[in-house]
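Working notes for the structure below.
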Amino acid sequence: MADRLAAAVAAVRSQVGDRADGWDLAGLIPEPVLRELGAAGLLCAQVPAAYGGQGLSSLLGGELTAETGRLCSSLRSVQTSQGMAAWTVERFGTAAQQRHWLPQLTGGRLAAVGFSESAAGSDLSAISTTVRADGDELVLDGHKRWMTAAHYADLLVVFGRYEDGAAAVLVPADAPGVRIERITDPLGCRAAGHADVLLEGVRVPAGHLLGGAALPLPLLVTTALAYGRMSVAWGCVGILRATLAEASRHAATREQFGRPIGAHQLVAGHLAELLVAEQVATRVCEHASRCWDAGSAEQVIATVLAKQVAARSAAQAAATAVQVLASAGARDGGVVARAYRDAKLMEIIEGSNELLGLLLAQHALDLAPKDLTPKEER
Ligand code: FAD
């Protein structure tokens with residue numbers, strides 16, 4: 001398994017090289033890069049080998065995600081979307097659907113996942129996209145917002161209302177009635193192919209409904225989001241590693257007042273802060289991934305914690321790294337400026353800081369001693 005991770009990391013490094021800043025400025029990742037990584041199963045590396053995947057554990061898949069995030073958060077965003085699509089098929093698809101769709105997702109076809117709508121952001125219970133059966137077809141109507149990777153995608157995993165519950169449906173991106181409108185100027189992850197997606201009377205075969213039946217909406221979205229959170233958390237570890245390395249390199253080589261700026265204690269304090277952030281985020285992600293690999297009941301809350309810690313730390317660390325580089329980091333086309341823009345978005349997606357804070361607070365309340373009798377009266 002470790003050999004497989006090493007080969008995967010080498011493949012991602014060779015595809016990205018030193019091109020991430022250029023992709024960021026252009027707002028696009030060259031399609032051959034995505035197709036080659038996709039066809040090698042490296043955009044959803046946790047899919048089992050039986051379906052053409054790399055079969056990496058959550059822990060090793062996480063390290064691959066961190067390395068991708070260290071190099072290029074836009075590519076990592078595409079990887080998160082592809083992984084989330086595959087995970088949704090794995091969790092909700094029938095055996096036949098898994099045999100049909102998973103080899104496509106590990107074979108070079110690209111996917112995007114759509115929950116969000118204009119009135120359904122943090123509150124996904126407000127999703128209004130509809131899925132209805134019409135003979136042996138399904139008809140979809142709705143307007144999805146901010147679908148990462150939709151600009152590149154061949155397949156869209158669309159979440160909508162179905163019968164008395166909800167459903168996830170696989171929709172070919174070129175199906176009649178699908179309109180993909182690229183978001184050309186996102187604050188960060190500029191090359192991740194974000195798009196709004198309009199679905200007007202889109203018809204797909206009934207077999208594209210994952211699991212073939214209505215499911216509770218909270219179950220559907222929580223399951224898909226849990227994968228996305230874990231992936232984003234590891235991506236943030238990558239941002240932390242990139243900013244730590246760049247700030248340390250600069251602090252060791254840039255001299256002011258006759259010595260390297262890293263020798264000035266206030267700058268040294270920034271470096272210590274970056275190192276602590278990277279180490280802490282790595283440890284909480286490792287813990288959460290081990291919970292996934294063990295199938296532990298703690299998996300959900302450990303993932304929320306990992307995403308919360310890693311995203312906040314990455315956003316803070318990227319700002320600190322800009323401070324250490326000062327004018328050297330204040331121009332687009334460099335690692336820390338890119339990290340600064342990319343990391344901020346990590347505090348919004350897959351559950352904002354506030355929403356995850358509410359989940360953690362609820363967990364704290366659940367853990368609180370239930371005996372509310374004042375101590376002196378017990
Ligand atoms: P809102 O829900 O309007 O929230 C605005 C603010 O209010 C936030 O700070 C929020 O935390 C806070 N807030 C809201 N409710 C509460 C509350 N109850 N308590 C406290 N604070 C609250 N969506 C997809 O479906 N697929 C994707 O691939 C995808 N990729 C994305 C990529 C990027 C870069 C971005 C920016 C967004 C993406 N999204 C995607 C959408 C994303 O999931 C939403 O932006 C996110 O869920 C927040 O929703 P919102 O932007 O509508 O903010």
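Basis for what follows: all heavy atoms, side chains included, without hydrogens, waters or symmetry-related copies. Order of appearance sets the numbers: ligands from 1, and atoms from 1 within every ligand.
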What protein heavy atom sits nearest atom 1 (P) of ligand 1, and how far off is it?
S122 OG, 3.6 Å
Would you call D21 and R331 a salt bridge, using N to O less than 4.0 angstrom?
no
Within the 4.0 Å heavy-atom shell around G114, which atoms of ligand 1 are there?
25 (O)
Under a 4.0 angstrom heavy-atom cut-off, which atoms of ligand 1 come close to S352?
10 (C), 11 (O)
Side-chain (Y152) to main-chain (I29) donor-acceptor, under 3.5 angstrom:
yes
Location of contacts on V113 toward ligand 1, heavy atoms closer than 4.0 Å:
backbone
Is there a side-chain contact between L102 and Q97 in this structure, where contact means two heavy atoms from C-beta onward sitting under 4.5 Å apart?
no
Atom 52 (O) of ligand 1 touched by protein (heavy atom, under 4.0 Å)
yes
Tell me if a side-chain donor or acceptor on D24 pairs with a main-chain N or O of R338 at a distance below 3.5 Å.
no
Considering all heavy atoms of both residues, which atom of R161 and which atom of L217 are nearest to each other, and what is their separation?
NH2-CD2, 3.8 Å
Nearest-neighbour protein heavy atom for atom 18 (N) of ligand 1, which is reported as residue plus atom name and distance
L358 CD1, 3.9 Å
Polar contacts were defined as any N/O atom of the residue lying under 3.5 Å from an N/O atom of the ligand; does this apply to I348 and ligand 1?
no
Mind checking whether T148 contacts ligand 1 via backbone (N, CA, C, O), side chain (CB onward), both or neither, at a 4.0 Å heavy-atom cut-off?
both
Of L355, V221, L187, V78, the residue with the heavy atom nearest atom 16 (C) of ligand 1 is L355
May I ask you to identify the nearest protein heavy atom to atom 27 (C) of ligand 1, giving residue, atom name and distance to one decimal place in Å?
W146 O, 3.1 Å
Could you tell me if any non-hydrogen atom of P186 lies under 4.0 Å from any atom of ligand 1?
no
Can you find a protein heavy atom closer to atom 11 (O) of ligand 1 than 4.0 Å?
yes
Close N or O approach (E350, ligand 1; < 3.5 Å):
no
Passes ring pair (Phe, Tyr, Trp, His ring centres under 6.0 Å), W292 versus W87? Steps please.
CA-CA 13 Å; W292 279 72; W87 177 242; 5.4 Å; yes
So, K144 side chain and V113 main chain: donor-acceptor pair closer than 3.5 Å or not?
no
Looking only at side chains, do Q79 and S231 share a donor and an acceptor under 3.5 Å apart?
no
Would you verify that at least one protein heavy atom lies under 4.0 Å from atom 29 (C) of ligand 1, or report that none does?
yes
Grab the two heavy atoms, one from A321 and one from T243, that are nearest each other, plus how far apart they are.
CB-CB, 3.8 Å
Under 3.5 Å, is there a donor-acceptor pair linking the side chains of Q299 and T303?
no
Note: heavy atom closest to atom 34 (C) of ligand 1, options R145, E117, M147, H194, belongs to H194
Ligand 1 to S81 polar contact by distance, N or O atoms, under 3.5 Å:
no
I'd like to know if the side chain of H250 pairs up with that of E246 as donor and acceptor (distance under 3.5 Å, no hydrogens or angles considered).
no
Are any of the protein's heavy atoms under 4.0 angstrom from atom 7 (O) of ligand 1, yes or no?
no
By number and element, which atoms of ligand 1 are closer than 4.0 Å to a non-hydrogen atom of S116?
23 (N), 24 (C), 25 (O), 39 (N), 40 (C), 41 (C), 42 (C), 43 (O)
Out of the candidates M147, R179, H143, only one should pair with V197 under the side-chain contact (heavy atoms from CB on, under 4.5 Å) rule; please name it.
M147
Heavy-atom distance to atom 47 (O) of ligand 1: which of G121, G357, A85 wins?
G121
Nearest non-hydrogen protein atom, atom 9 (O) of ligand 1
E354 OE1, 3.4 Å
Out of all atoms in ligand 1, which are within 4.0 Å of some heavy atom of L345? Include the element for each.
34 (C)
Is there at least one pair of N or O atoms, one from I349 and one from ligand 1, spaced under 3.5 Å apart?
no
Are T80 and E350 close enough that some pair of their side-chain heavy atoms sits under 4.5 Å apart?
yes
